[in-house]
S.K.: 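Sharing a structure, written as structure tokens. Questions coming.
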Protein chains: 2
Amino acid sequence: MSSIIDVARRAAVSTATVSRVLSKPALVKAATRDRVLKVIEELKYEPNRAARTLRTSRASKILVTVPDISNPFFANIIRGAEEAARHAGYSVILGDTRYDPELESQYALMLLRREVDGLVFLGHRVPDILSDMISEQGSNAAVVNGCEYSPGLPVSSVHIDNAGAAAEMIDYLASLGHSSIGIITGPLASPISSDRLKGVRSAAKRHGIQASLQIGKGDYSVGSGFTEAQKLIRNHAVTAIFCFSDEMAIGASEAVAAAGLSCPQDISVAGFDDIRFARFLRPSLTTIAQPTVEIGLQAVHLLLEIMNDGQESLRNITLPHDLIVRKSTAARKA
Amino acid sequence: MSSIIDVARRAAVSTATVSRVLSKPALVKAATRDRVLKVIEELKYEPNRAARTLRTSRASKILVTVPDISNPFFANIIRGAEEAARHAGYSVILGDTRYDPELESQYALMLLRREVDGLVFLGHRVPDILSDMISEQGSNAAVVNGCEYSPGLPVSSVHIDNAGAAAEMIDYLASLGHSSIGIITGPLASPISSDRLKGVRSAAKRHGIQASLQIGKGDYSVGSGFTEAQKLIRNHAVTAIFCFSDEMAIGASEAVAAAGLSCPQDISVAGFDDIRFARFLRPSLTTIAQPTVEIGLQAVHLLLEIMNDGQESLRNITLPHDLIVRKSTAARKA
DNA sequence: AGCGCATATGTAAAGCATTACATCATGCTT
DNA sequence: AAGCATGATGTAATGCTTTACATATGCGCT
């Protein structure tokens, strides 16, 4: 591996000139520049990133932590984040935290260690380890919350209007004649889950069906969707089930089938997220589409802004969602 | 941010001692060690990784490139890779290459720049940019091919017995009475795709049905599965379609339905990979399960071995696969 | 007492790129 | 022709850690 010194020697210039050729070519005379570039080519010189990072204290890396990479919803956000990062000359370090606070903190340490320049974290729960940093730096801390948000903390975020989206779904189900609706939420600790619930409640109230609303508490997983749906079907005569994730909607559909009923004839099922496979389920799933790739893109853009500006810039970006009506929902049986 | 010098000063020792407390505690007297540790605690000292990397030329990072992170098949491999890397004290840089050779090379550069210590790449196609490195270093190059392999190049790899798995699927379909079988392959350039085709052919020959084999050429995507299946259904009276990816099997199922036929009554459909959603399709998909997480784990283990041993160690690890029979395949109509 | 060895710690170089500041040359102005 | 602005390049410090080598201390042994 050749270093900048080798290049300088061979091109008969100082290391400063070599460095300038690479970073500020306009400052170097054309003839010199060409000579240096030729040597760089010959020696296949690549600047040592560690040395550059050490000198400039910029790692050109951002950390993206995700609770479950195998969930295509998160995978798409990562896709957007990777793209935005790459275009800005950053690379992405991936942290799969498996919903484990321990791992979340372990990864967040990389930010304190300045091993990365910024952090996009998906999911609720700001790692404790960052609380000092955030209270010191406020919204200048290079941290962005993707798809969730953290009420009370000065952390910028990118998400959809969860309450509005959930309300829309209730409007839609009510318009199909459903009045006995089961809801399967995400974890209560998740602000977006409680936002969705608020949206559900206010819409239900508007339609005068809040009394017959049945709430089951899930955790976004297929299994919890199945279990909670079974309870809703057995104990309450719901005619529609609205799950706060597509995964749970898959579980709920299985529960409908397991109960000897069919979807959507007997029970309508709706999800949230519009994951890649929602359209391939049978019946295809009615759901709320989130602009996942865009969430990832914007989260990184926001992060870069914070990192570069250095000025106070707490922002919560709301992106548009979309109610996607497919075949898993239908008018209530007469 | 405090540096090792701050710690040394405050603990009244040299920086060497501080460094030793962290890396070789046994060399330091207990009293001194405790004193230093206490200061480290107080100052929240974290060693600067860039400086360490510069000094030791170890980045403690590995690069994992993947053609499409939103495909759950790859996402699971990444999961395994991340886990193995984390346990070994490495972090994972994620490269989503979108099947683009340009991007593959761009990411591979990180290895030449020693920005990462090793590379696990998923998909066929070793980046050109690495060919010099590989021909120089042979199998000592810190490169491992996950789930594919590169015949002719000294690159270690981890994959299943693709020919054997494909043959098993043909055996199974033949046992159901199918003799007119359509195949939808992946790209021809992919060695595993051609291995699967070899397996298909030899099994078909064994069953005496090779003459009625119909081959369509896909690219692993849902869309290509749909298009190729349509051709197979229209132009040839196939009674079973075996796709070399679950995604294509989803497309093929759509094509069966679009032709007014039903699966599996009229046409059986089988896939490959056993992605997370294969079981949730209706009918649930018969497929070959690959141990995805394990592939990721082993790929990283192999990489670490190569990086640490430094000795000649070209290996191709074959992991077990599994034929998963679900509801998308059935006996041929009488 | 003197020697040697083990243990504990310090000194300082090295790893490589960036960049503020210094120097030098050139050409223009008056 | 002297003076100066401008442009081009060099000098050297800096960032922080690791580690080979040097030094110092203490102990046991003869």
Side-chain angles (χ1 to χ4, degrees), chain A residues 1-40 43-61 89-91 109-117, chain B residues 1-40 43-61 89 109-117:
Chain A
M1 211 59 207
S2 40
S3 83
I4 199 171
I5 298 177
D6 304 321
V7 176
R9 224 187 322 255
R10 186 133 161 195
V13 294
S14 72
T15 61
T17 300
V18 177
S19 180
R20 278 190 285 256
V21 166
L22 259 17
S23 57
K24 288 159 189 161
L27 294 184
V28 181
K29 193 164 59 168
T32 317
R33 197 194 313 145
D34 293 347
R35 186 155 40 96
V36 171
L37 283 174
K38 206 174 128 210
V39 174
I40 287 177
L43 261 42
K44 294 211 176 94
Y45 167 67
E46 292 285 345
N48 180 311
R49 302 296 289 221
R52 173 179 294 176
T53 298
L54 177 57
R55 190 62 242 259
T56 63
S57 52
R58 277 191 206 163
S60 296
K61 288 181 183 22
Y90 285 77
S91 38
L109 245 183
M110 296 182 82
L111 188 60
L112 299 180
R113 242 189 249 135
R114 310 223 182 199
E115 207 172 337
V116 296
D117 302 324
Chain B
M1 210 61 206
S2 40
S3 82
I4 199 171
I5 298 178
D6 304 320
V7 176
R9 224 187 322 255
R10 184 133 164 195
V13 295
S14 72
T15 60
T17 300
V18 177
S19 181
R20 278 189 285 256
V21 165
L22 258 18
S23 57
K24 287 159 189 161
L27 294 183
V28 181
K29 192 164 61 168
T32 316
R33 198 194 313 145
D34 294 345
R35 185 155 38 95
V36 171
L37 284 174
K38 205 174 128 211
V39 174
I40 286 177
L43 262 44
K44 295 211 176 101
Y45 167 67
E46 292 285 345
N48 180 312
R49 304 295 289 219
R52 172 179 293 176
T53 298
L54 177 58
R55 190 61 243 254
T56 63
S57 51
R58 278 191 206 162
S60 297
K61 287 180 182 26
L109 245 183
M110 296 182 81
L111 188 59
L112 299 180
R113 242 188 250 135
R114 310 222 182 200
E115 208 173 338
V116 295
D117 302 324

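FYI, side chains are in, hydrogens and waters are out, and symmetry mates aren't considered; it's all heavy atoms of this structure. In the text below, chain A, chain B and the rest are named by the order of the sequence lines, each starting its count at 1.
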S.K.: Counting just side-chain N and O atoms, does A/Y45 come under 4.0 Å of either OP1 or OP2 of C/dC16?
M.R.: no

S.K.: At 10 degrees resolution, what angle do the end axes of the helix from C/dA1-D/dT30 to C/dT30-D/dA1 form when each is taken over five base pairs?
M.R.: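 Comparing the axis at each end, I get an angle of 60°.
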
S.K.: Could you walk me through whether A/K61 and B/K61 pass side chain to side chain contact (heavy atoms under 4.5 Å, CB included), step by step?
M.R.: CA-CA 12 Å; A/K61 288 181 183 22; B/K61 287 180 182 26; 3.8 Å; yes

S.K.: Please indicate whether A/R114 has more than 12 foreign heavy atoms, meaning atoms of other residues, nucleotides or ligands, lying under 6.0 Å from its CZ.
M.R.: no

S.K.: Between B/L54 and A/L54, which heavy-atom pair has the shortest distance, and what is it?
M.R.: CD2-CD2, 3.5 Å

S.K.: Please check: side-chain N/O of A/T56 versus main-chain N/O of A/R52, any donor-acceptor pairing under 3.5 Å?
M.R.: yes

S.K.: Please list all pairs passing the salt bridge (charged side-chain N to carboxylate O under 4.0 Å, His left out) test where one or both residues lie in residues 13-34 of chain A, with sequence neighbours left out.
M.R.: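 As it turns out, there is no salt bridge (charged side-chain N to carboxylate O under 4.0 Å, His left out) pair with a partner in residues 13-34 of chain A once direct neighbours are skipped.
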
S.K.: Minimum heavy-atom separation for A/S91 to B/E115, with atom names?
M.R.: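 Taking every non-hydrogen atom into account, OG-OE2, 4.3 Å.
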
S.K.: Can you sort out which residues in residues 3-23 of chain B have a heavy atom within less than 4.0 Å of DNA chain D? Ascending by number, please.
M.R.: B/S3, B/I4, B/T15, B/A16, B/S19

S.K.: Would you jot down, in residue-number order, the residues of residues 25-35 of chain B having a non-hydrogen atom under 4.0 Å from DNA chain D?
M.R.: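 Per residue number, the list is empty: none.
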
S.K.: Please check: side-chain N/O of A/S23 versus main-chain N/O of A/S19, any donor-acceptor pairing under 3.5 Å?
M.R.: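 Flag set: sc A/S23 to bb A/S19 pair under 3.5 Å.
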
S.K.: I'd like to check B/V18 versus B/V39 (side-chain heavy atoms, cut-off strictly below 4.5 Å). Are they in contact?
M.R.: no

S.K.: Can you see which heavy atom on B/S60 is nearest to which on B/D117, and at what distance?
M.R.: N-OD2, 2.6 Å

S.K.: Taking distance alone, no hydrogens or angles, what donor-acceptor pairs closer than 3.5 Å link side-chain atoms of residues 1-13 of chain B to residues at least two apart or in another chain?
M.R.:
residue: B/S2; atom: OG; partner: B/L43; partner atom: O; Å: 3.1
residue: B/S3; atom: OG; partner: B/I5; partner atom: N; Å: 3.1
residue: B/D6; atom: OD2; partner: B/S3; partner atom: N; Å: 2.7
residue: B/R10; atom: NE; partner: B/E42; partner atom: OE1; Å: 3.4
residue: B/R10; atom: NH2; partner: B/E42; partner atom: OE1; Å: 2.9

S.K.: Return the value, rounded to whole Å, for the distance between atom CG of B/L54 and atom C1' of C/dA17.
M.R.: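 B/L54 atom CG is separated from C/dA17 atom C1' by 9 Å.
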
S.K.: Please find the earliest and latest nucleotides of DNA chain D, in the 5' to 3' direction, that have an atom within less than 4.0 Å of any heavy atom of chain A.
M.R.: D/dA8 to D/dC16

S.K.: What is the distance from atom CG of A/L111 to atom CD of B/E46, rounded to the nearest 0.5 Å?
M.R.: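 Between atom CG of A/L111 and atom CD of B/E46 there are 11.5 Å.
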
S.K.: Between C/dT7 atom C1' and B/K24 atom NZ, what is the distance in whole Å?
M.R.: 16 Å

S.K.: Is the phosphate of C/dA14 approached by B/R55 (side-chain N or O, under 4.0 Å from OP1 or OP2)?
M.R.: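 Negative; the distance criterion is not met.
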
S.K.: Nearest heavy-atom pair of A/T17 and A/T32: which atoms, and what distance?
M.R.: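 That closest heavy-atom pairing would be CG2-CG2, 4.1 Å.
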
